[in-house]
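Chain naming here is simple, since letters A, B, ... match the order of the sequence lines and numbering starts at 1 in each. Worth knowing before you read on, the calculation uses all heavy atoms, side chains too, and leaves out hydrogens, waters and symmetry mates.
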2 protein chains.
Amino acid sequence: MKRITIYDVAKEADVSLATVSRVINGSEVVREDTRVKVQEAIEKLGYKPNAIAQGLALQKTTTIALIVPEASFFYTGQIINGLIDVAKIYKYNIVLHTATEGIIEMNDIIETIIKSRVDGVVIFNDKLSKNELNTLTRYQVPIVVIGNKMSDDTIGSVYVDYSKLVYDFTTKYLNKGITDIALVEDRKNPAMIKQLFDGISRAFADAGKSFDNYIEIPKDYRSSYLFLQEYFKSHKHELVITYRDSQAMAVLNTAAENNIRIPEDMEVVCILDSKYNAMARPQISGFKIPDYDLGAVAMRVMTKMLHDEDEVIDKEIELSYIYSPRKSTK
Amino acid sequence: MKRITIYDVAKEADVSLATVSRVINGSEVVREDTRVKVQEAIEKLGYKPNAIAQGLALQKTTTIALIVPEASFFYTGQIINGLIDVAKIYKYNIVLHTATEGIIEMNDIIETIIKSRVDGVVIFNDKLSKNELNTLTRYQVPIVVIGNKMSDDTIGSVYVDYSKLVYDFTTKYLNKGITDIALVEDRKNPAMIKQLFDGISRAFADAGKSFDNYIEIPKDYRSSYLFLQEYFKSHKHELVITYRDSQAMAVLNTAAENNIRIPEDMEVVCILDSKYNAMARPQISGFKIPDYDLGAVAMRVMTKMLHDEDEVIDKEIELSYIYSPRKSTK
DNA sequence: GTGAAAGCGCTAACAT
DNA sequence: ATGTTAGCGCTTTCAC
């Protein structure tokens with residue numbers, strides 16, 4: 001079955017291919033009856049414009065590349081949904097790349113991205129530094145970063161200020177006289193840890209105190225569970241802050257085993273809220289991060305960078321969060 | 001900055017573009033010294049072949065489309081990871097499409113897929129019937145379906161037989177004399193419900209009994225929680241089977257509130273295991289579904305359909321599961 | 001072993 | 001309002 005082309009349509013409708021092209025692209029200058037004639041031919045033949053050929057001719061692909069950390073779909077899912085939903089509106093395709101650790105692989109991804117001539121790339125990576133983007137910026141590809149504040153001629157970003165979040169939350173507790181606050185985190189995400197640590201430290205500093213309860217736990221649930229099981233035999237804090245739901249649950253479970261009542265003896269809060277926080281017992285308080293919006297807004301910024309070239313647009317967009325107090329805090 | 005093309009390289013290396021093309025594509029017929037000469041030119045200019053132009057010339061894009069149900073990333077994440085990992089190996093790009101309910105949107109997606117001239121499409125959709133694929137098959141695009149057993153000239157599939165899973169599990173309990181078995185499910189996924197229902201019904205039938213404890217619950221956690229809270233005031237079963245972790249947790253939580261001890265008074269098992277099952281208290285027994293493999297194998301089948309055109313390949317691949325007994329069952 | 005030229009399907013001046 | 005034609009960047013016969 002030969003793929004039917006614009007020539008076939010032209011012949012069928014007895015016009016030139018230029019006219020067919022005009023019809024496809026909704027040019028105004030085509031007379032109504034010939035437009036109908038062409039439309040019928042298109043319909044009859046079941047013609048679908050070849051996006052690849054269009055891409056070659058127009059020097060743009062209407063596809064953007066999305067890079068997400070591998071195996072991060074638990075918290076990336078909504079971001080992708082948001083991204084794709086607005087991509088659909090603007091008729092963009094999304095090619096998905098997953099990046100593991102390691103700069104070598106990142107270079108591979110960038111290589112294929114460059115070759116595929118995407119119109120832009122969105123990177124979700126809270127670990128990424130602006131410097132690491134140089135490989136990409138060299139090729140003049142518009143970039144939107146999700147998770148890190150930065151901007152530039154060809155770079156935009158959408159993010160949540162976790163440092164501020166933690167600062168405000170910590171300050172609230174310090175003001176209540178609660179000072180035995182601990183931060184539980186693994187080393188999976190250094191940049192995130194830094195933000196959290198900065199926020200809590202600043203809060204302590206502003207209160208004339210210093211923060212020193214950073215508890216580093218293993219990366220996987222099982223090990224961190226065992227670690228905390230031991231830890232809470234001899235420790236207890238007024239407030240424990242964790243980043244992910246699994247960490248909060250590990251705290252919950254191990255505290256219970258050590259007869260630490262939550263929230264009476266110890267309060268627990270989870271930064272990155274999830275539906276599982278509401279299923280745990282006691283239900284875990286957390287901050288609702290607007291993941292869907294992070295993706296949607298990122299794509300929106302992308303389209304602006306791509307279309308409204310003249311207009312000055314805001315390239316650093318901070319999104320807000322909502323605190324959901326539940327049963328693990330007083 | 002002008003994008004540098006194969007012509008630029010040809011000029012720089014003082015050869016024809018045909019030769020450059022040969023070097024790029026690793027043709028054997030190029031003399032060693034000219035190959036080196038060309039390579040140096042490529043290096044010097046930082047030339048990256050334009051995949052779009054290659055696509056046009058070769059009539060193939062080395063990209064495959066992946067369609068997943070929207071907002072399903074919790075159980076789709078690993079599938080995508082597996083898919084992408086083997087796609088990388090074979091140098092394929094993945095363009096991601098999310099499908100909501102509704103045939104209209106599906107047609108939109110298929111439309112853009114056809115236009116983008118992908119080499120194949122992988123569909124993760126346990127609701128999909130072979131009939132609905134016709135729109136796609138008409139265009140001769142190789143298809144691999146994840147989650148449903150089916151095959152055809154241009155269709156392959158990778159799946160887990162949930163019906164069998166439930167049949168075996170139920171039979172085991174029936175053999176122990178446990179007959180008060182209930183299936184808790186919402187109506188999110190009719191095809192899946194059918195599989196589960198079929199399996200359990202067959203088991204009962206083979207034991208000379210009939211199954212009638214299908215408990216339909218609301219789709220979201222909150223409502224189903226309230227529903228079950230009421231339900232367990234007046235009901236209790238020897239074994240409750242749920243599909244998703246959130247459903248199992250709802251059962252756990254509401255049972256606890258009604259003083260039903262698990263597993264002493266009632267056992268609970270979750271078909272689709274997740275890490276959260278191990279964090280619940282009591283820990284929930286479940287079946288480990290090989291999601292990563294589903295994706296990886298699907299992509300492998302795809303590449304086979306694309307490359308080894310002559311060779312006969314197995315187009316219906318059933319993957320197995322592993323039972324993880326934990327604390328919610330005896 | 002290497003070059004010349006046609007063609008992949010489409011868009012966008014430029015003509016008419 | 002519509003047709004002609006020159007690219008877009010690359011692959012691949014066919015000559016040499």
Inset, instruction - Indicate the atoms forming the closest heavy-atom contact of D119(A) with L306(A), along with that distance. - result: O-CD1, 3.6 Å
Inset, instruction - Indicate, yes or no, whether a donor-acceptor pair under 3.5 Å links the base of dC10(C) to the side chain of Y7(A). - result: yes
Inset, instruction - Verify the contact: side-chain N or O of R31(A) to OP1 or OP2 of dT2(D), cut-off strictly under 4.0 Å; return yes or no. - result: yes
Inset, instruction - Please determine if a side-chain N or O atom of T5(A) lies less than 4.0 Å away from the OP1 or OP2 oxygen of dG9(C). - result: no
Legend entry - Contact summary for T98(B) and I109(B), nearest pair of heavy atoms: O-CD1, 3.5 Å
Legend entry - Stretch residues 41-63 of chain A: residues that reach within less than 4.0 Å of DNA chain D through a heavy atom: L56(A), A57(A), Q59(A)
List the atom pairs, with distances to 0.1 Å, where a side-chain N or O of residues 45-54 of chain A and a protein N or O form a donor-acceptor pair under 3.5 Å, not counting sequence neighbours.
residue: K48(A); atom: NZ; partner: E111(B); partner atom: OE1; Å: 2.9
residue: N50(A); atom: OD1; partner: I52(A); partner atom: N; Å: 2.7
residue: N50(A); atom: OD1; partner: A53(A); partner atom: N; Å: 3.1

Legend entry - Degree of bending in the helix from dG1(C)-dC16(D) to dT16(C)-dA1(D) once both end axes are built from five pairs, to 10°: 40°
Inset, instruction - Determine: side-chain N/O of T19(A) to OP1/OP2 of dG3(D), distance under 4.0 Å, yes or no. - result: yes
Inset, instruction - Tell whether R22(B) reaches the base of dG3(C) with its side chain through a donor-acceptor pair below 3.5 angstrom. - result: yes
Legend entry - Nucleotide nearest S21(B) when distance is taken to its side chain, options dT12(D), dG9(C), dT2(C): dT12(D)
Inset, instruction - Between dT11(D), dT2(D), dG3(D), spot the one nearest the side chain of V15(A), thanks. - result: dG3(D)
